[in-house]
Participant: 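Handing you a structure now.
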Amino acid sequence: MSDNKVNSNIVIPAELLPRDGRFGSGPSKVRQEAVDALAGHWQDYLGTSHRQKTVKSVVGSLRRGLSELFSLPEGYEIVLANGGASYFWDTAVFSLIERKSQHLSFGEFSSKFAASAKKAPFIEDPQIILSEPGSHPLPEANEEIDLYALTHNETSTGVAMEIRRPDGAGGLVAVDATSGAGGLVVDPTQFDCYYFSPQKAFSSDGGLWVAALSPAAIERARSIASSGRYIPPALDLVTAIDNSLQDQTYNTPALATIFLMNEQVSWMLANGGLAFSAGRSERSSSTVYSWAESSKFATPFVKDPAMRSKVVTTIDFSDGIDAKLVAGTLRANGVVDTEPYRKLGRNQLRIAVFPSVDPEDVEKLVAAIDYVVERL
Ligand SMILES: *Cc1c(COP(=O)(O)O)cnc(C)c1O
């Protein structure tokens with residue numbers, strides 16, 4: 001039994017329904033064109049060896065495509081391995097933090113990397129800079145720090161931050177871009193490591209992590225590996241780098257995930273790259289925020305407009321309106337995954353507007369929410 005609340009008397013009229021009702025923050029909407037393309041290769045790609053050219057050429061295309069999408073400078077490499085962004089935190093603890101890291105902690109995801117670093121016995125306790133949910137702190141340059149852990153988009157609260165190296169800092173800048181990458185603009189000279197998963201803006205399935213690494217990050221991983229520190233082989237970043245340079249992964253990856261992600265990157269590039277994909281999310285998010293600002297019952301959760309995410313929007317409802325009932329009623333009408341992040345515990349909707357989401361569907365969604373609320 002699910003605990004979904006629903007008002008089953010409300011039937012949203014067809015003209016107010018988005019053509020595609022998926023607004024989840026991950027797994028998020030996968031485009032039909034990508035699934036159709038995969039179906040066209042059910043026999044010559046799915047179920048074939050990941051050590052042969054058929055699959056390696058898709059991995060190669062994905063790596064080149066991402067380098068182009070992020071305009072990576074000379075010497076940066078796209079590296080991938082199994083496990084998703086959560087596994088990358090542990091990989092970074094073993095392979096990127098030399099002695100001490102600094103973490104900006106402003107929600108569920110950013111706090112988890114900090115917690116991983118705190119548990120590791122072979123590095124010092126991390127410095128953790130906190131801020132209230134709904135805002136983000138800023139990094140502070142400190143000569144003891146050799147890795148600054150930033151989060152481009154905190155998916156649990158809908159807060160995004162601009163990625164900039166702290167002034168005068170010598171350490172590596174490692175960015176959790178799991179839900180930001182591909183939907184937010186970024187300057188690659190401001191990071192050494194920009195890591196993400198395929199199931200958010202890249203409209204694929206979960207289970208892999210992908211990272212853009214600077215020469216300094218690659219050098220750091222190699223130097224830690226040769227220092228004698230124990231590193232579990234499956235979490236060793238050097239192993240991931242060496243395999244990725246040959247367009248493969250250390251162990252067997254999900255081939256469909258790689259294919260769908262490559263389709264998404266090709267779609268972004270064919271339409272104008274990051275300016276196109278981030279532009280779509282910007283347009284969709286401004287539809288949500290302007291609707292909420294002029295609404296009698298809804299307000300953006302993030303008070304400072306500069307911190308409001310353009311990929312994951314969070315909208316508080318006034319006390320009289322039960323957001324769970326709204327989300328459940330939308331769900332019963334085929335509009336899914338607008339529920340808030342559970343642990344945040346607010347009376348709100350969380351609406352993801354990754355690049356795959358059609359901005360016109362977002363206009364329909366806000367009209368559908370008004371329709372539901374008027375009839376609760
Ligand atoms: C989803 C998410 C993660 C976790 O990603 P997995 O692929 O499930 O490990 C980490 N960080 C952020 C910011 C996320 O949005």
Side-chain angles (χ1 to χ4, degrees), residues 22-30 62 66 79-94 96 101 103-117 128 131 133-137 148-163 173-184 186 191 193-212 234-235 237 240 249 253-254 256-258 260-261 264 281 285 302 307-314 337 339-344 350-357:
R22 291 172 290 176
F23 294 95
S25 296
S28 66
K29 176 181 171 185
V30 177
L62 175 62
L66 286 168
V79 174
L80 68 163
N82 281 318
S86 304
Y87 280 59
F88 191 81
W89 292 324
D90 294 323
T91 295
V93 165
F94 277 105
L96 285 179
S101 51
H103 301 255
L104 303 190
S105 177
F106 53 105
E108 183 65 16
F109 292 105
S110 46
S111 70
K112 281 189 173 161
F113 183 16
S116 265
I128 299 173
S131 75
S135 66
H136 69 76
Y148 294 86
L150 315 185
T151 299
H152 204 173
N153 185 70
E154 178 45 83
T155 322
S156 64
T157 59
V159 168
M161 65 180 291
E162 192 194 341
I163 298 307
V173 171
V175 183
D176 180 349
T178 307
S179 58
L184 300 178
V186 69
F191 62 69
C193 170
Y194 191 72
Y195 61 94
F196 44 94
S197 299
Q199 75 276 19
K200 312 236 168 152
F202 292 106
S203 291
S204 180
D205 249 334
L208 280 180
W209 59 255
V210 180
L235 293 177
L237 188 53
T249 48
T257 304
I258 289 173
L260 293 173
M261 187 174 188
Q264 182 75 352
S281 290
S285 63
V302 179
M307 294 188 186
R308 283 180 195 156
S309 168
K310 294 176 175 143
V311 281
V312 174
T313 64
T314 44
D337 300 339
E339 288 82 5
Y341 192 75
R342 212 174 1 101
K343 289 193 202 155
L344 190 59
R350 181 175 62 155
I351 300 163
V353 288
F354 292 123
S356 288
V357 171

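Hydrogens, waters and symmetry mates are skipped; everything else that's a heavy atom, side chains included, is used. Whatever order the structure lists ligands and atoms in, that order sets their numbers, starting from 1. Model, not experiment: these values are computed from the prediction.
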Participant: How many angstroms lie between atom CG of L208 and atom CD of Q199, to the nearest 0.5 angstrom?
Facilitator: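 Answer for the CG-CD pair, L208 versus Q199, is 9.0 Å.
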
Participant: Decide whether an N or O pair under 3.5 Å exists between S86 and ligand 1.
Facilitator: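 S86 vs ligand 1: N/O contact under 3.5 Å present.
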
Participant: Under 3.5 Å, is there a donor on one side chain and an acceptor on the other for Q264 and S356?
Facilitator: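 Yes, side-chain donor-acceptor contact under 3.5 Å.
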
Participant: How long is the straight-line distance from CG of L66 back to OH of Y194, given to the nearest 0.5 Å?
Facilitator: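 Answer rounded to 0.5 Å: 11.0 Å.
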
Participant: Hey, could you give me the OG/NZ distance between S86 and K112, rounded to the nearest 0.5 Å?
Facilitator: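 The NZ atom of K112 is 6.0 Å from OG of S86, to the nearest 0.5 Å.
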
Participant: Give a yes/no verdict on whether any heavy atom in H152 is under 4.0 Å from an atom of ligand 1.
Facilitator: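 Not so, H152 does not reach ligand 1.
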
Participant: With a cut-off of 4.0 Å, which atoms of ligand 1 are near a heavy atom of T155?
Facilitator: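 The atoms of ligand 1 under 4.0 Å from a heavy atom of T155 are 12 (C), 13 (C), 14 (C), 15 (O).
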
Participant: Got the closest protein heavy atom to atom 7 (O) of ligand 1, with its distance?
Facilitator: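 Answer, as residue, atom name and distance: S197 OG, 2.7 Å.
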
Participant: If I compare all heavy atoms of R350 with all of S156, which pair ends up nearest, and what's the gap?
Facilitator: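 Minimum heavy-atom separation between R350 and S156: NH1-CA, 4.1 Å.
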
Participant: Heavy atom under 4.0 Å from ligand 1: found in Q199's side chain, backbone, both, or neither?
Facilitator: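 Under 4.0 Å from ligand 1, Q199 contributes side-chain atoms alone.
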
Participant: So, taking the atom named CZ in F109 and the one named CG in N153, what distance separates them when rounded to the nearest 0.5 Å?
Facilitator: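 If we round to the nearest 0.5 Å, F109:CZ and N153:CG are 10.0 Å apart.
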
Participant: Which ligand 1 atoms, with their elements, are less than 4.0 angstrom from a heavy-atom of W89?
Facilitator: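 Checking each atom against W89, I get 10 (C), 11 (N).
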
Participant: Does the residue F88 have a heavy-atom contact with ligand 1, meaning some pair of atoms that are separated by less than 4.0 Å?
Facilitator: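 Contact absent.
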
Participant: Are W209 and V79 close enough, and set up right, to give a side chain to side chain contact (heavy atoms under 4.5 Å, CB included), and what steps lead you there?
Facilitator: CA-CA 8 Å; W209 59 255; V79 174; 3.8 Å; yes

Participant: Give me the atom names and distance for the closest heavy-atom approach of V30 to R22.
Facilitator: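 Scanning both residues completely, I find the closest heavy atoms to be O-NH2, 2.9 Å.
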
Participant: Tell me which protein heavy atom sits closest to atom 11 (N) of ligand 1, plus the residue, atom name and distance to 0.1 Å.
Facilitator: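 The closest one turns out to be D176 OD2, 2.7 Å.
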
Participant: Consider every N or O of T151 and every N or O of ligand 1, then say whether any pair is closer than 3.5 Å.
Facilitator: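 Between T151 and ligand 1, no N or O pair is found under 3.5 Å apart.
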
Participant: Is there any N or O on K200 that sits under 3.5 Å from an N or O of ligand 1?
Facilitator: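 Yes - when backbone and side-chain N and O of K200 are compared with those of ligand 1, one distance drops under 3.5 Å.
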
Participant: Looking at side-chain heavy atoms only, is the closest gap between D176 and W89 below 4.5 Å?
Facilitator: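 Counting from C-beta outward, D176 and W89 do come under 4.5 Å.
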
Participant: Atoms of ligand 1 less than 4.0 Å from N153 heavy atoms?
Facilitator: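 That gives atoms 13 (C) of ligand 1.
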
Participant: Geometry only, no angles: is L208 polar-contacting ligand 1 at N/O separations under 3.5 Å?
Facilitator: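 Min N/O separation from ligand 1 is not below 3.5 Å for L208.
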
Participant: Considering only heavy atoms of S179, which atoms of ligand 1 have at least one such atom less than 4.0 Å away?
Facilitator: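 Those qualifying, in numeric order: 15 (O).
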
